[in-house]
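Take a look at the structure set out below.
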Amino acid sequence: MAPAPAPSDRAPWRPSRLLITRAARGFAHGRAIAARAAAQGVPVVELPGDRLTLDLPDDPRRAYAAAKATLAVTVAPPSKRRLQPIAPSADWRVDLAEGCPAHCSYCYLAGSLAGPPITRVYANLEEILAALPDHLGRGTVTSRQRARASEGTTFEASCYTDPLALEPLTGSLSAAIAWFGRWEAAAQLRFTTKFADVAALLALDHGGRTRMRASINPAAFARFEGGTAPVAARLAGLRRMADAGYPVGLTIAPIIAAPGWQDAYGALIDDAAAALAGARGLDLTVELITHRYTTTSRAVLERWYPGSSLDMSGQDRATKRTRFGGEKQVYDEATMRALRGFFATRIAAALPAARLLYWT
Ligand code: SF4
């Protein structure tokens, strides 16, 4: 039996302004995004050149709010179109956009994107996708690992953005899904999202070559995820995608060992199992990512979300080297062991058909 409908999703994001560069206006996809925004009453600013002029207020709070409310349509230069490896999620990272309009107090973008948190979406989508076939079979994750070989060469679209959050304005995710649907190759597009409006994706000819994952956390931690869709709506969206024949997944992230985490995550796993119960031909994966931060990301997040109760005090933490030679704070060994054991047991019991892809 299909699950009950989810509580209402939030309204689609509407920026307070859209900036479009001169070069972006040279692409039909860029012009379509601007036209869609204009039709929704969003003021469109046609920049005379390709430099983004932001004119943000001096006050940091107001500057943050103004940046988060700005969508820029730009052209991804060749350096941004060069694909990067992105273990353990996928072989390659492919960016359709950079930035996200939501306000999560742990947002991983704080450590990876510099500058004001505006959202940039790329007009030259066809050029971005055209780089993909050269990478077929050349990654180090699903291209190499026997356990994940059935996924083909994988391309992750959620590293620097939440593509579903932008979809009502951009159409980029739909276009990429349809592109993979036409690509007769052992390849897969992957995206994960804290949003829920999947209506535009359901009827696409996806060919089973896109996996959507719902990025979820207990409702009790919703205070850390401002501006995202309710978790129940994300799970209902995932169920609709499964019913439309998409491979699906759960990204439980970031796992936060706050007081009461056992009950909160136990209920979350049960809710996910209920949302997916009875789905025909379900192809379900699970990815488990614990909360971590760097000195840089903590400084940015404390500036963006000064009142957040998210614990980044260093308690129960251990220092770990990053792939790029820096340091990050992860949970200490005892906390990690408790979390990992809990998730392995509860997922095996509630979602026995799920494939666990990685723990980090
Ligand atoms: S939804 Fe994801 S990308 Fe967007 S603010 Fe939250 S953590 Fe960051």
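Note that ligands are numbered from 1 as they come in the structure, with each ligand's atoms numbered from 1 the same way. Worth saying up front: this structure is predicted, and the values here are computed from it rather than measured.
- Put simply, the side chain of R211 gets close to the backbone of D283: a donor and an acceptor are under 3.5 Å apart.
- Those atoms of ligand 1 with a heavy atom of C100 less than 4.0 angstrom away are 1 (S), 3 (S), 4 (Fe), 5 (S).
- What sits closest to atom 2 (Fe) of ligand 1 on the protein, heavy atoms only, is Y108 CE2, 3.8 Å.
- Side-chain atoms of R209 come within 3.5 Å of backbone N or O of W183 as a donor-acceptor pair.
- Residue contacts to atom 8 (Fe) of ligand 1: C107 brings an N, O or S atom closer than 2.8 Å.
- Salt bridge R213/E156: present, at least one basic N to carboxylate O contact under 4.0 Å.
- With a 4.0 Å cut-off on non-hydrogen atoms, L109 touches ligand 1 through its side chain and not its backbone.
- For F221 and W261, the gap between ring centers reaches or exceeds 6.0 Å.
- The single protein non-hydrogen atom nearest to atom 6 (Fe) of ligand 1 is C104 SG, 2.3 Å, given as residue, atom name and distance.
- Judged by the 6.0 Å distance and 45° axis criteria, R292 is not positioned over the aromatic ring of Y331.
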